[in-house]
Amino acid sequence: MDVLGERWTVLILRELLLGPKRFTEILARMPSIGPNRLTDRLRTLHTTGVVSKSEATPEYALTAFGEELRVPVVSLGLWGLGLMGDGVDSSAARTDMVALCMTVAIPPGRLTGVALECDVDAGERFSMTVRDGTLRVRSGPSPASSSTNVACDAGTFIALSLGHEEPSAAAEAGRLEVDGDAEAVDRLFGAFAEAARRHTAVQPTPSAT
């Protein structure tokens with residue numbers, strides 16, 4: 001907790017789980033932190049070997065040691081998905097973070113046979129890659145020269161991800177556009193929905209004692 005327990009630290013790690021970022025990019029995601037506090041938190045993470053800083057391109061990135069935090073940090077977000085099934089307003093949820101949660105939520109082997117390079121414009125711009133049965137989510141566009149493009153509003157993306165709506169229905173209503181491998185996108189959202197249903201069931205309220 002000496003390393004991770006300070007306010008904002010886990011949120012900084014959350015941003016870096018989506019790929020290396022410049023100081024200004026992290027600050028833009030969390031303007032309330034302020035530049036001085038962000039500098040302090042990054043310095044601590046750098047000193048403890050969680051984050052590295054490239055001198056060639058001034059970006060911060062997780063080290064191999066920092067990558068060991070991927071599953072614990074994403075699992076916190078996955079726990080938060082469970083709150084969406086309990087009447088909690090999901091309008092403030094970030095679509096890239098919902099997708100990031102799915103990298104841990106989807107069972108191993110569920111995406112076997114799916115190959116996809118996908119650019120997403122859904123309130124946030126990010127990429128989703130499925131290769132060898134593994135999903136990866138990163139900030140910014142896919143490095144692939146010919147990727148599938150998915151465009152929808154944030155509410156539609158979250159509804160598709162949580163299984164509240166089918167891609168075919170969203171496309172028919174004009175709220176989802178897929179340019180490229182629509183079948184792979186359908187299969188990916190199907191995996192999202194299956195994983196989400198296991199985590200968004202209403203949790204029983206503990207009885208008062």
Value rounded to 0.5 Å, distance of CZ in R37 from CG in L27: 11.5 Å

L116 and L111, any side-chain heavy atoms less than 4.5 Å apart: no

Does the side chain of L45 come within less than 4.5 Å of L62's, by heavy atoms? no

Give me the ring orientation class for Y60 and F23: parallel if the planes are under 30° apart, tilted from 30 to 60°, perpendicular past 60°. tilted

Quick one: does T148's side chain have a donor or acceptor within less than 3.5 Å of a partner on D181's backbone? yes

Between S75 and V104, which heavy-atom pair has the shortest distance, and what is it? OG-CG1, 3.9 Å

Does I12 reach the side chain of I33, with side-chain heavy atoms less than 4.5 Å apart? yes

Please find the pair of heavy atoms, one from A105 and one from R198, that lie closest to each other, and give the distance. O-NH2, 3.2 Å

Report yes if the side chains of R187 and R110 come closer than 4.5 Å at any heavy-atom pair, otherwise no. no

Does either side chain, that of S147 or that of D119, offer a donor lying less than 3.5 Å from an acceptor on the other one? yes

Do V137 and F126 make a side-chain contact, defined as non-hydrogen atoms from C-beta onward lying under 4.5 Å apart? yes

Working note: D2 + T44, criterion side-chain contact (heavy atoms from CB on, under 4.5 Å); need CA distance, chi angles, decisive distance, verdict. CA-CA 10 Å; D2 287 342; T44 297; over 6 Å; no

Would you say E194 has more than 12 foreign heavy atoms packed within less than 6.0 Å of its CD? yes

Nearest non-hydrogen partners of V98 and A93, listed with the distance: CG2-CB, 4.4 Å

Heavy-atom donor-acceptor pair, S142 side chain to E117 backbone, under 3.5 Å: no

Identify, with sequence neighbours excluded, every residue that meets side chain to side chain donor-acceptor pair (under 3.5 Å) alongside R175. T156, E165

With a sphere of 6.0 Å drawn around CD of E67, does it hold more than 12 non-hydrogen atoms of other residues, nucleotides or ligands? yes

L11 side chain near W8 side chain, heavy-atom distance below 4.5 Å: yes

Provide the closest heavy-atom pair for M128 versus A99 in the form atom of the first, atom of the second, distance. SD-CB, 4.1 Å

Contact between L4 and L13 at the side-chain level, heavy atoms closer than 4.5 Å - yes or no? yes

Where the side chain of S139 meets the backbone of G19, is there a donor-acceptor pair that is under 3.5 Å apart? no

Checking side-chain contact (heavy atoms from CB on, under 4.5 Å) for the pair T39/R43: CA distance, chi angles, key distance, verdict? CA-CA 6 Å; T39 297; R43 182 183 296 117; 3.4 Å; yes

Please round to the nearest 0.5 Å and tell me the distance separating atom CZ of F65 and atom OG of S52. 13.5 Å

Straight-line distance of L78 CG to I106 CD1, nearest 0.5 Å: 10.5 Å

The test is side-chain contact (heavy atoms from CB on, under 4.5 Å); show your working for R94 and R29 and say whether it passes. CA-CA 11 Å; R94 276 176 47 186; R29 284 298 188 188; 3.6 Å; yes

The reported gap from CZ in F189 to CG in L160 (rounded to nearest 0.5 angstrom) is 5.0 Å

State whether the side chain of D132 and the backbone N or O of T134 hold a donor-acceptor pair below 3.5 Å, judged by distance alone. no

Could you tell me the separation between the CD1 atom of I158 and the CG atom of L162, rounded to the nearest 0.5 Å? 7.0 Å

Quick one: are D186 and E166 in side-chain contact, heavy atoms under 4.5 Å? no

How close do S161 and A196 get, counting heavy atoms only, and between which atoms? O-CB, 3.5 Å

With side-chain contact (heavy atoms from CB on, under 4.5 Å) as the criterion, how do K21 and L16 come out once you've worked through the C-alpha distance, each side chain's angles and the decisive distance to 0.1 Å? CA-CA 7 Å; K21 288 183 174 61; L16 295 179; 4.2 Å; yes

The reported gap from CZ in R41 to OG1 in T9 (rounded to nearest 0.5 angstrom) is 5.0 Å

Applying side chain to side chain donor-acceptor pair (under 3.5 Å), name anything that partners R22, two or more places apart in sequence or on another chain. none

Over all atoms of both residues, closest heavy-atom pair of L100 and R14: CD2-O, 4.3 Å

